[in-house]
Amino acid sequence: MRISKEEALKVIEILKKTYPNAKSGLRFTNPFELLIATILSAQCTDKRVNIITERLFKKYKTPEDFLELTPEELQEEIRECGLYRNKSKSILETCKILKERYNGKVPDTLEELMTLPGVGRKTANVVLSNAFAKDAIAVDTHVFRVSNRIGLADSDDVFTTEKQLMEIIPKDLWSISHHLLIHHGRNICTARKPKCDECPVKNFCLYFKKKKN
């Protein structure tokens, strides 16, 4: 069961007023930095990633810079972040592809981004939306949980959730909706003990209505 498109638009408008400064929590200055930061962010907080990348990007600014490192050296640089061995491997393989296939530049299409190691659909959409200002909805754990609770989506599958969000939310609001849903998931619609009574969109939320009954 899902709410209507009109209700979905009202939900997004309310969330825009609730979180007027909603934007990416990752710090970056170019598409390459965002790509690396997003790969690092898997199972790691934005705060922790920002601490790592602040140090990392002072020393390594391009794919070529990263390729000067051995996997073990990069592992030491990113050790504080979870899955650092896998991430080190993915980053170096991605940098090799960027250098050989894209002249050191980050591609700006979903299909090309998803060919890079360590880059799934969510990461690709984050890069498209935030680095290239393209309309995209990245579905992370917060977006998945919140959108399905409210009724913007009705699926236990991430890809289907993304498609349903793209159907119900106007295209020009896709990117901001991603950030709004993340902020709402962190602040109110938490995984455990969501603060339903404080929720500004509870009158539209199917989870709240079901809980109330």
Side-chain angles (χ1 to χ4, degrees), residues 19 21-134 136-145 158-159 162 175-176 178-179 181-183 185-187 190-191:
Y19 310 106
N21 301 313
K23 61 180 181 179
S24 173
L26 296 171
R27 294 196 200 114
F28 64 96
T29 62
N30 57 55
F32 177 67
E33 287 186 358
L34 179 60
L35 175 62
I36 299 302
T38 310
I39 291 173
L40 290 174
S41 72
Q43 296 184 36
C44 186
T45 64
D46 288 354
K47 185 177 179 182
R48 173 66 60 189
V49 172
N50 287 336
I51 291 170
I52 295 168
T53 55
E54 184 177 7
R55 179 184 70 239
L56 199 64
F57 295 152
K58 281 178 183 171
K59 295 191 269 186
Y60 315 107
K61 301 179 186 300
T62 66
E64 290 79 7
D65 291 341
F66 276 87
L67 290 170
E68 297 287 323
L69 297 167
T70 65
E72 292 73 26
E73 286 170 336
L74 182 53
Q75 284 172 28
E76 285 304 310
E77 293 280 1
I78 64 173
R79 184 175 282 273
E80 307 105 291
C81 136
L83 308 173
Y84 63 90
R85 288 188 181 89
N86 286 340
K87 290 175 183 177
S88 169
K89 186 177 177 216
S90 293
I91 287 170
L92 292 178
E93 286 177 356
T94 285
C95 286
K96 189 169 185 285
I97 293 170
L98 292 180
K99 181 184 176 185
E100 293 175 353
R101 198 178 300 168
Y102 298 105
N103 198 29
K105 304 293 183 187
V106 177
D108 65 353
T109 70
L110 183 71
E111 294 73 24
E112 289 175 307
L113 283 166
M114 285 180 65
T115 65
L116 301 173
V119 178
R121 193 174 183 89
K122 184 204 81 174
T123 297
N125 276 324
V126 166
V127 173
L128 287 176
S129 173
N130 295 285
F132 295 110
K134 294 195 172 189
I137 295 181
V139 179
D140 69 354
T141 53
H142 294 297
V143 174
F144 180 76
R145 179 181 69 254
V158 173
F159 181 51
E162 182 190 330
S175 295
I176 187 62
H178 160 76
H179 296 305
L181 292 168
I182 287 176
H183 276 67
R186 286 176 177 161
N187 290 280
T190 50

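Nothing fancy with the numbering, it's 1 onward along the sequence.
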How close do [X] and [Y] get, heavy atom to heavy atom, and via which atoms?
X      : Y      : value
Glu73  : Leu69  : OE1-CA, 3.4 Å
Asp46  : Ser41  : OD1-CB, 4.4 Å
Ala22  : Ile176 : O-CD1, 3.8 Å
Pro31  : Phe132 : CB-CZ, 3.7 Å
Glu64  : Gly104 : OE2-CA, 4.4 Å
Ala138 : Val143 : O-CG2, 3.6 Å

Decide, yes or no, whether a salt bridge links [X] with [Y] under the criterion of side-chain N to carboxylate O below 4.0 Å.
X     : Y     : answer
Arg27 : Glu33 : no
Glu76 : Arg79 : yes
Lys59 : Glu77 : yes

Looking at [atom1] of [X] and [atom2] of [Y], how far apart are the two atoms once the value is rounded to the nearest 0.5 Å?
X      : Y      : atom1 : atom2 : result
Thr45  : Arg48  : OG1   : CZ    : 6.5 Å
Arg145 : His142 : CZ    : NE2   : 5.5 Å
Leu83  : Cys44  : CG    : SG    : 9.0 Å
Leu34  : Thr29  : CG    : OG1   : 10.0 Å
Asn125 : Thr38  : CG    : OG1   : 11.0 Å
Leu181 : His183 : CG    : NE2   : 11.0 Å

Do the side chain of [X] and the main chain of [Y] share a donor and acceptor less than 3.5 angstrom apart?
X      : Y      : answer
Ser129 : Ile137 : no
Ser90  : Asn86  : yes
Lys89  : Pro71  : no
Lys87  : Ala42  : yes
Asn50  : Ala37  : no
Asn103 : Lys105 : no
Thr62  : Asp65  : yes

Give every donor-acceptor pair under 3.5 Å between a side-chain atom in residues 116-123 and any protein atom, sequence neighbours left out.
unit_1 : atom_1 : unit_2 : atom_2 : d
Arg121 : NE     : Glu162 : OE1    : 2.7
Arg121 : NE     : Glu162 : OE2    : 3.2
Arg121 : NH2    : Glu162 : OE2    : 3.2

Working for side chain to side chain contact (heavy atoms under 4.5 Å, CB included), residues Ile91 and Leu40 = CA-CA 9 Å; Ile91 287 170; Leu40 290 174; 3.8 Å; yes
ask   = Does CD in Glu72 sit with more than 12 non-hydrogen atoms of other residues, nucleotides or ligands closer than 6.0 Å?
value =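 For Glu72, atom CD is crowded (more than 12 foreign heavy atoms under 6.0 Å).
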query = Quick one: are Ile36 and Phe28 in side-chain contact, heavy atoms under 4.5 Å?
reply =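 No - every pair of side-chain heavy atoms lies 4.5 Å or more apart.
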ask   = With a 4.5 Å limit on heavy-atom distance, are the side chains of Tyr60 and Leu74 in contact?
value =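 Sidechains of Leu74 and Tyr60: no contact.
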request  = Test side-chain hydrogen bond (donor to acceptor under 3.5 Å, both in side chains) on Asn130 and His179 and set out the steps.
outcome  = CA-CA 10 Å; Asn130 295 285; His179 296 305; 2.9 Å; yes
key: Whether Phe66 and Phe32 hold their rings parallel, tilted or perpendicular, with breakpoints at 30° and 60°   =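 Answer is perpendicular, since the angle exceeds 60°.
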Derivation and outcome, side chain to side chain contact (heavy atoms under 4.5 Å, CB included), residues Ile78 and Ser88 = CA-CA 8 Å; Ile78 64 173; Ser88 169; 4.2 Å; yes
